Amino acid sequence: MHAVIEYAPLLWQGLLTTILVAVLSGALCLVVAFAAGLARLSSHRFLSWPAGIFIEVFRGTSLLVQMFWLFFALPFFGIQLHPLTAAVLALGLNEGAYAAEVVRGAIASRAKGQTEACIALGMEPALRLRRIIIPQSIPAMLPPFGNVMVDLLKNTSLVSLVTVAELTFRAQMIRSTTGQTTAIFLTILVAYFVLSYLLTLLTGWLERRFALDRKALAAQRKESRLMKVGAA
Amino acid sequence: MIWDNDFAVSVFPLLLEGLWVTIQITLLGTLLAAVLGLFFAVLRRLAIPVLSPVVSFFVVFVRGTPLLVQAYCAFFVLPAYGLSFDAFTTGVVVIGVNYSAYMAEVYRSGIQGVPKGQWEAATALSLPGVRTWGRIILPQAVRTVVPMLGNYLIQMFKDSAVLSAITVVELMATAQAIGSSNFRYLEPLTLAALLFLAISYPASRLVNRLERRYAPQH
């Protein structure tokens, strides 16, 4: 156990890098998700086809291949990315492709009457999306987005394979110098678990915060509680 | 010329060998995950004191930690306690156990989806527990699980690339080895990506179709 305590500052730095990678690629993931998801829904073929190809390619190949491709194969085209850049790009694009499907699905499943009402009121398509369709779709997107984000967080560990010094990378380093494998790996397992647990708590809070009809939900909860009391 | 076609053709057979290992890992891993997941789901549902909460925690813990770190644990920690297997076996077990945690959740929702009347009827007929589970509940629960199993199969196919980090010589590791020994990464990595895509894209189309066919009728 003393290796963990001795090397705690190193592990802490690794944890901070993990969080940095997760936050940066999480932001990229959101941008990609909305850009690709909305483009996929577009009726213009020159928007929806590229988006479709992007989504299928990034969902159809593994993240590790994409990351290695950006890191090892791109230099052959004269582009040498910093490891952190390659890592964030790969993670953001990969998880973004999954999240784009979430965006597409949530928007496509909106009640048709909403769009029709907008058209009847003479709203332009952009305004329609921004004011009506997207805000309504957010609650439906949140639970799957939460899953994508937890996935993203766990996949930050793969970034260690392109030499970004995050938690897993540091753990491997410490393991090879001290040989205290069990203690170190158990520590980082717990660290990852705590991080992903916090992330699920955050999504749960957001889900409640953005629930379509919060008052109705609260009333429902109150009623079910009363019913439980009555049954007992 | 950036893309060297002769080199690409010459390394293709090696990559196909790697792909075959990837497929083997995926099939064995899915089998393990499907069986273990069912086992976990039933154990959780039976609400046995101590055992069921432990299984529940294990499932949540596995879902909350990265596959790579789990693989490292199995590969570096277990040998310290006298349990050492070759990389391939370790890889299959790690990915199988990892996915079993997700499968357990899928089975759980399948079991929950079985109408309450089925349980009551089984009780009314005083069927023993094993037969209730084996003949009544599970056949109905598993039906809804089939398409999800397909989805996880495809996901595992892609995730198995992670096992290259613990020296399992599958598609990704092969591509990387070719790249580092020839100082040319572009062709092997691109081909590896295309091979992944060539299998996972048609497979996901197929699963989509299965999903529609096996959709619950009630």
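Quick note on labels: first sequence line is chain A, next is B, and so on, each numbered from 1. Note that the structure is predicted; figures quoted are calculated from it, not measured.
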Least distance between heavy atoms, [X] atom then [Y] atom:
X        : Y        : value
A:Phe77  : B:Ile2   : CD2-CD1, 3.7 Å
A:Ser196 : B:Gly64  : OG-O, 2.8 Å
A:Phe68  : B:Leu189 : O-CD1, 3.5 Å
A:Thr61  : B:Ala193 : CG2-O, 3.1 Å
A:Leu189 : B:Cys73  : CD1-SG, 3.7 Å

Is [X] close to chain B through its backbone or its side chain, or both, or neither, when contacts mean heavy atoms under 4.5 Å?
X        : result
A:Tyr197 : neither
A:Val57  : both
A:Gln172 : side chain
A:Thr156 : neither
A:Ser157 : both
A:Tyr98  : side chain
A:Leu158 : both

Tell me whether the count of non-hydrogen atoms from other residues, nucleotides or ligands lying under 6.0 Å of CH2 in A:Trp12 goes above 12.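 Atom CH2 in A:Trp12 is not crowded, with 12 or fewer foreign heavy atoms closer than 6.0 Å.
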
Should we count CZ of B:Phe39 as having more than 12 external heavy atoms under 6.0 Å?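 No - once you tally the heavy atoms of other residues, nucleotides and ligands closer than 6.0 Å, there are 12 at most.
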
Rounded at 0.5 Å granularity, tell me how far [atom1] in [X] sits from [atom2] in [Y].
X        : Y        : atom1 : atom2 : result
B:Gln70  : A:Lys154 : CD    : NZ    : 7.5 Å
A:Gln66  : B:Lys158 : CD    : NZ    : 9.0 Å
A:Trp69  : B:Leu186 : CH2   : CG    : 6.0 Å
A:Tyr192 : B:Phe61  : OH    : CZ    : 12.5 Å

So for [X], is it side chain, backbone, both, or neither that comes closer than 4.5 Å to the heavy atoms of chain A?
X        : value
B:Ser164 : side chain
B:Gln176 : side chain
B:Tyr81  : side chain
B:Phe75  : neither

Describe, in one word, how the ring planes of A:Phe193 and B:Phe57 are oriented to each other, choosing from parallel (under 30°), tilted (30 to 60°) and perpendicular (over 60°).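 Rings of A:Phe193 and B:Phe57: perpendicular, over 60°.
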
Tell me, out of B:Phe196, B:Phe76, B:Tyr201, who's got the most heavy-atom pairs with chain A below 4.5 Å.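 Among the listed options, the one with the most contacts to chain A is B:Phe76.
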
Return the option, out of A:Thr168, A:Leu74, A:Thr182, with the maximum number of heavy-atom pairs under 4.5 Å with chain B.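 Between A:Thr168, A:Leu74, A:Thr182, the count favours A:Thr182.
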
Interface residue of largest heavy-atom contact number with chain B, from A:Leu167, A:Leu63, A:Leu64, under 4.5 Å: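 Among A:Leu167, A:Leu63, A:Leu64, the one with the most close pairs to chain B is A:Leu64.
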
